[in-house]
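This one's a predicted model, so the numbers in the text were calculated from it and none came from an experiment. The figures that follow rest on heavy atoms only: side chains count, while hydrogens, waters and symmetry mates do not. Proteins get letters first, then strands, A, B, ... in listed order; numbering begins at 1 in each.
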2 protein chains.
Amino acid sequence: MNEFNEYFKSAFTVDNVIFGFDEGDLKVLLIKRGEDPYRGKWGLPGYFVYPNEDLDTAAIRVLEELTGLRNVFLEQVKTFGSVNRHPFGRVITVAYFSLIKISHYTLQPSSIARKAKWHSVSEVTGLAFDHDEILKACFHRLKWLVRSRPVGFELLPPKFTLTELQHLYEAILETSLDKRNFRKKILSMDLLIDLDETQEGVAHRPARLYQFDRNRYEELLSEGFSFELKESKKKERTTERAASSSPQTA
Amino acid sequence: MNEFNEYFKSAFTVDNVIFGFDEGDLKVLLIKRGEDPYRGKWGLPGYFVYPNEDLDTAAIRVLEELTGLRNVFLEQVKTFGSVNRHPFGRVITVAYFSLIKISHYTLQPSSIARKAKWHSVSEVTGLAFDHDEILKACFHRLKWLVRSRPVGFELLPPKFTLTELQHLYEAILETSLDKRNFRKKILSMDLLIDLDETQEGVAHRPARLYQFDRNRYEELLSEGFSFELKESKKKERTTERAASSSPQTA
DNA sequence: TCAAAAGTGTTTTGGATACACCCATGG
DNA sequence: CCATGGGTGTATCCAAAACACTTTTGA
């Protein structure tokens with residue numbers, strides 16, 4: 001160790017970008033910081049990695065302390081280690097993101113959890129540290145991942161409608177999709193179980209409910225199947241409401 | 001700082017998977033370790049990150065000390081931090097990979113460089129630390145990257161033939177490609193400059209030389225162009241020699 | 001009976017694949 | 001003149017894209 005002692009003076013943390021999906025909108029769980037540095041600012045949930053803890057374990061711990069959830073989709077994205085990113089010293093952080101079913105999330109009793117709140121990803125800005133950049137990197141990774149692997153289901157309740165699924169994809173990919181083509185594509189993959197149930201209590205024709213068939217996916221995978229949604233060069237999603245006849249002050 | 005002192009006892013390093021392409025084969029530059037731990041084993045080039053050094057800078061430094069090269073393609077891939085991965089203490093390492101033109105590589109005078117040697121990626125095994133795993137992760141990332149962005153050119157000399165380019169893709173993707181279809185696809189992207197020169201001194205019809213048009217790529221990018229080579233579900237590259245008429249014992 | 005979202009098929013188009021022969025050079 | 005890789009075109013197939021109306025429910 002001798003000559004290398006100089007180097008054993010750093011700390012490292014994990015930060016976890018926790019995504020959820022609600023009201024047709026992609027959300028991220030943020031913490032209002034109650035202590036320095038950046039007191040009062042919103043930031044990503046994270047903490048120092050314990051001396052005897054693996055990185056993934058630390059990320060799982062942070063997630064569980066906040067949400068009570070275990071066995072959740074979680075993936076390492078990128079490590080941020082600019083010299084001056086942390087005022088306490090040299091701290092590098094390993095960024096993870098996780099996907100949770102927001103309906104399963106319940107406020108935890110821990111003091112940290114009481115400071116947590118969901119924010120629309122598209123509206124988040126001005127976070128503590130370099131967390132804006134971290135969020136951006138994780139969102140970018142999610143965008144890619146959702147087109148290459150069937151992870152979208154991690155964000156939906158166990159039973160969902162095709163329209164909900166489509167809205168999820170539209171929110172993540174920031175695009176609009178054609179209803180018929182989307183359904184054709186998804187159903188042709190043979191990854192959904194038609195539950196033969198329908199929504200109840202909606203003021204319109206109730207939609208069929210589906211479930212993701214994880215076993216079938218594993219099976220297809222081993223046969224060389226590759227989940228793949230094309231990168232659509234389509235128009236940005238717009239707030240589809242042109243100047244109707246709402247009177248404007250001229 | 002006070003209460004957090006416990007955490008400021010870790011070190012971190014960068015490891016750099018340096019890829020090159022030669023003799024139709026994807027290579028990686030490894031170091032024969034002259035010191036403990038893992039003395040005598042091959043390992044990835046890497047070193048501690050200096051207290052006032054950014055991660056990327058450290059990776060660039062490691063690369064330059066070894067190869068003398070600057071302004072090289074380099075990308076962070078993943079961070080490895082198992083509790084016991086390093087016998088000296090808690091050391092997490094940030095893995096990078098870089099792509100260099102092997103023809104530009106010349107043996108550096110530094111003592112470290114004298115222990116470096118190119119190895120075929122497909123044959124490497126039994127590296128120091130968790131470097132097998134790191135190499136695997138970087139190779140996997142390269143495989144993905146080469147299909148999504150025109151980075152293959154980083155591994156070729158400035159002037160190359162289409163067949164060389166095809167062989168490069170075949171080596172990285174571990175597959176075989178159809179010559180006519182490959183050419184059609186690549187040329188249709190309008191990213192290559194036909195130099196109107198040909199090979200010299202080859203014992204067959206000399207091939208035309210091409211150059212990657214980086215400016216054109218930037219231009220196309222800004223127009224929304226997306227480089228994309230499909231994931232071919234084709235046969236593994238085989239040593240194309242089936243039982244011809246060689247007699248089998250019946 | 002109205003509003004609101006669910007559900008459904010066909011045609012067109014473009015890109016991926018499969019495939020085989022002649023060409024230019026050095027030895 | 002032979003061996004070696006260079007270079008080229010077409011037909012087929014399949015998946016993506018474009019596109020509009022009817023159905024079911026609650027209010």
Q: Mind checking side chain to side chain contact (heavy atoms under 4.5 Å, CB included) for B/Leu195 and listing every partner two or more places apart, or none if nothing turns up?
A: B/Lys159, B/Ile193, B/Glu197, B/Leu209, B/Gln211
Q: It should be established whether A/Thr163 places a side-chain nitrogen or oxygen under 4.0 Å from OP1 or OP2 of nucleotide C/dA5.
A: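 A/Thr163 to C/dA5 OP1/OP2: no side-chain N or O under 4.0 Å.
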Q: Using the test salt bridge (Lys or Arg N to Asp or Glu O under 4.0 Å), find all partners of B/Arg149 that sit at least two apart in sequence or belong to another chain.
A: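 Salt bridge (Lys or Arg N to Asp or Glu O under 4.0 Å) list for B/Arg149, sorted by chain: B/Glu75.
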Q: Roughly, in whole Å, what's the span from CZ in A/Arg208 to C1' in C/dA5?
A: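 Result: 16 Å.
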Q: Looking at residues at least two apart in the chain, or sitting in another chain, which of them share a salt bridge (Lys or Arg N to Asp or Glu O under 4.0 Å) with B/Asp213?
A: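 Applying salt bridge (Lys or Arg N to Asp or Glu O under 4.0 Å) to B/Asp213 gives none.
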Q: What's the CD-P distance between A/Glu170 and C/dA5, to the nearest Å?
A: 14 Å
Q: In this structure, how many angstroms lie between the P atom of D/dG7 and the CG atom of B/Leu209, rounded?
A: 9 Å
Q: Pair up each side-chain donor or acceptor in residues 114-125 of chain A with any protein partner under 3.5 Å, not counting sequence neighbours, and list the distances.
A:
| unit_1 | atom_1 | unit_2 | atom_2 | d |
| --- | --- | --- | --- | --- |
| A/Ser120 | OG | A/Asp25 | OD2 | 2.5 |

Q: The criterion is ring pair (Phe, Tyr, Trp, His ring centres under 6.0 Å); which residues satisfy it with B/Phe19, sequence neighbours excluded?
A: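 Scan of B/Phe19 (ring pair (Phe, Tyr, Trp, His ring centres under 6.0 Å), adjacent residues dropped) gives B/Phe97.
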Q: Could you go over nucleotides 10-16 of chain C and give all protein N or O partners under 3.5 Å, atom names and distances?
A:
| unit_1 | atom_1 | unit_2 | atom_2 | d |
| --- | --- | --- | --- | --- |
| C/dT10 | O4 | A/Lys184 | NZ | 2.9 |
| C/dA16 | OP1 | B/Lys185 | NZ | 3.0 |

Q: Any base atoms under 4.0 Å from B/Arg183, or only sugar-phosphate, or nothing? Heavy atoms, all strands.
A: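 Here B/Arg183 touches the bases of the nucleic acid.
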Q: Are A/Glu170 and A/Lys143 within salt-bridge range, i.e. N to O under 4.0 Å?
A: no
Q: Given atom NZ of B/Lys179 and atom P of C/dA18, what is their separation to the nearest angstrom?
A: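 These atoms are roughly 17 Å apart.
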Q: Quick one: A/Ile186 CD1 to D/dA16 C1', roughly how many Å, whole number?
A: 14 Å
Q: Using whole Å, what does the distance between atom P of nucleotide C/dG7 and atom CZ of A/Phe182 come to?
A: 13 Å
Q: Ring pair (Phe, Tyr, Trp, His ring centres under 6.0 Å): which pairs involve residues 188-222 of chain A, sequence neighbours left out?
A: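 The answer is A/Phe153-A/Phe212.
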Q: Just the rounded figure in Å: distance from P of D/dA15 to CE of A/Met189.
A: 11 Å
Q: With A/Glu200, which residues qualify under salt bridge (Lys or Arg N to Asp or Glu O under 4.0 Å), at least two apart?
A: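 Applying salt bridge (Lys or Arg N to Asp or Glu O under 4.0 Å) to A/Glu200 gives none.
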Q: For DNA chain D, what residues of residues 196-206 of chain B have any heavy atom nearer than 4.0 Å?
A: B/Ala203, B/His204, B/Arg205, B/Pro206
Q: Does B/Tyr105 have B/Lys101 sitting over its ring (NZ/CZ under 6.0 Å from centre, angle to axis within 45°)?
A: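 No - B/Lys101 does not lie over the ring of B/Tyr105 by the 6.0 Å and 45° rule.
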Q: Just how far, in rounded Å, is P of D/dG7 from CG of B/Leu162?
A: 7 Å
